[in-house]
Engineer: 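Mind having a look at this structure? Questions to follow.
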Amino acid sequence: MIHGIGIVFLITSAITVAGALAAALLKNLIHCVLCLSITLAGLALLYLQLDAQFAGFAQILVYIGAVAILVVFAILLTRGAGIAEYRNVSSSWLVSLVIAAAIFALLAWAVIKSFPTTVAGASPGTTVQSIGSALMSTYVLPLEIVAVLLTVALIGAVIVAMPESGAAGKSIEKGGAQ
């Protein structure tokens, strides 16, 4: 009989797997990204259940807070690019099925072989507080450089995705300045 934290683990795992399946199988791209966000949130909860607070909160901040939102904006900004038509079933579906089954078998074998034979010891000595202290003291310059780099990349992506205005487009068509 499963009690307490085992039930929470099973519910979190089911939500995570359902979100991943929905992200892979849904046709609407926006729905796929939202299901991917649910999957990433489920992974963050699993990290938190495993007492990996830094990994869990980094998952929430970086992947859910940044990557998923960036993907949503990219989809919405490039919506006019057109959607390529595709067939529902590929001509090489049998080969794809064999490769997927082989990869699944390999991963299942790796998971089965990786079960620990002894009970793990205490939690690691590194805490979220020690990582935060190191980031705000020793590694503050690299942290700020990465923050500026990501901000510049986001601004550049927005500028590239923006449609040309009427005056700027006419000036370029006429060969430069008027």
Side-chain angles (χ1 to χ4, degrees), residues 5 8-84 86 103 107 110-111 114 116 120-172 176-177:
I5 196 75
V8 173
F9 173 77
L10 289 176
I11 292 171
T12 305
S13 299
I15 290 172
T16 304
V17 170
L21 285 174
L25 298 175
L26 290 176
K27 302 280 187 208
N28 188 333
L29 198 53
I30 298 294
H31 293 162
C32 289
V33 172
L34 294 176
C35 289
L36 177 66
S37 298
I38 291 171
T39 302
L40 295 174
L43 286 175
L45 288 174
L46 289 172
Y47 286 140
L48 292 173
Q49 286 179 353
L50 292 171
D51 285 335
Q53 288 89 10
F54 181 75
F57 291 130
Q59 178 86 15
I60 291 170
L61 290 174
V62 174
Y63 288 106
I64 299 171
V67 173
I69 302 302
L70 185 64
V71 169
V72 169
F73 280 130
I75 290 169
L76 293 176
L77 286 173
T78 60
R79 184 56 90 172
I83 299 172
Y86 63 96
I103 291 173
L107 290 174
V111 166
S114 68
S123 298
T126 305
T127 63
V128 175
Q129 184 177 5
S130 64
I131 294 171
S133 297
L135 282 176
M136 292 299 137
S137 60
T138 308
Y139 299 105
V140 71
L141 183 62
L143 181 69
E144 292 299 323
I145 290 172
V146 168
V148 169
L149 179 69
L150 290 173
T151 303
V152 168
L154 182 62
I155 292 170
V158 168
I159 289 173
V160 167
M162 285 176 41
E164 293 183 19
S165 64
K170 291 178 184 175
S171 173
I172 293 172

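Fair warning: this is a prediction, and the values are worked out from it, not measured in the lab. In this chain, residues are counted from 1 in sequence order.
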Engineer: Kindly write out the residues that satisfy side chain to side chain contact (heavy atoms under 4.5 Å, CB included) with L10, not counting sequence neighbours, or none if the list is empty.
Structural biologist: I2
Engineer: Name all residues meeting the side chain to side chain contact (heavy atoms under 4.5 Å, CB included) criterion together with I11; count only those two or more places apart in sequence or in a different chain, and write none if there are none.
Structural biologist: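 Per chain and number, I11 pairs via side chain to side chain contact (heavy atoms under 4.5 Å, CB included) with I7, I15.
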Engineer: Report the distance from atom CG of L21 to atom CG of L26, rounding to the nearest 0.5 Å.
Structural biologist: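 Spacing of CG (L21) from CG (L26) equals 10.0 Å.
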Engineer: Who pairs with A23 by side chain to side chain contact (heavy atoms under 4.5 Å, CB included), at least two apart in sequence or on another chain?
Structural biologist: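 Checked A23 against side chain to side chain contact (heavy atoms under 4.5 Å, CB included); matches are C35, L36.
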Engineer: Test of understanding: with side chain to side chain contact (heavy atoms under 4.5 Å, CB included), list the residues that count as partners of T16, not counting sequence neighbours.
Structural biologist: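 By the side chain to side chain contact (heavy atoms under 4.5 Å, CB included) rule, T16 matches T12, T39, L43, L46.
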Engineer: Considering only distance and modelled atom types, tabulate donor-acceptor pairs under 3.5 Å from the side chains of residues 131-149, sequence neighbours left out.
Structural biologist:
residue, atom, partner, partner atom, Å
S133, OG, Q129, O, 3.0
S137, OG, S133, O, 2.6

Engineer: For the CD atom of Q59 and the CG atom of L45, what is their distance to the nearest 0.5 Å?
Structural biologist: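 Going from CD on Q59 over to CG on L45, the span is 10.0 Å.
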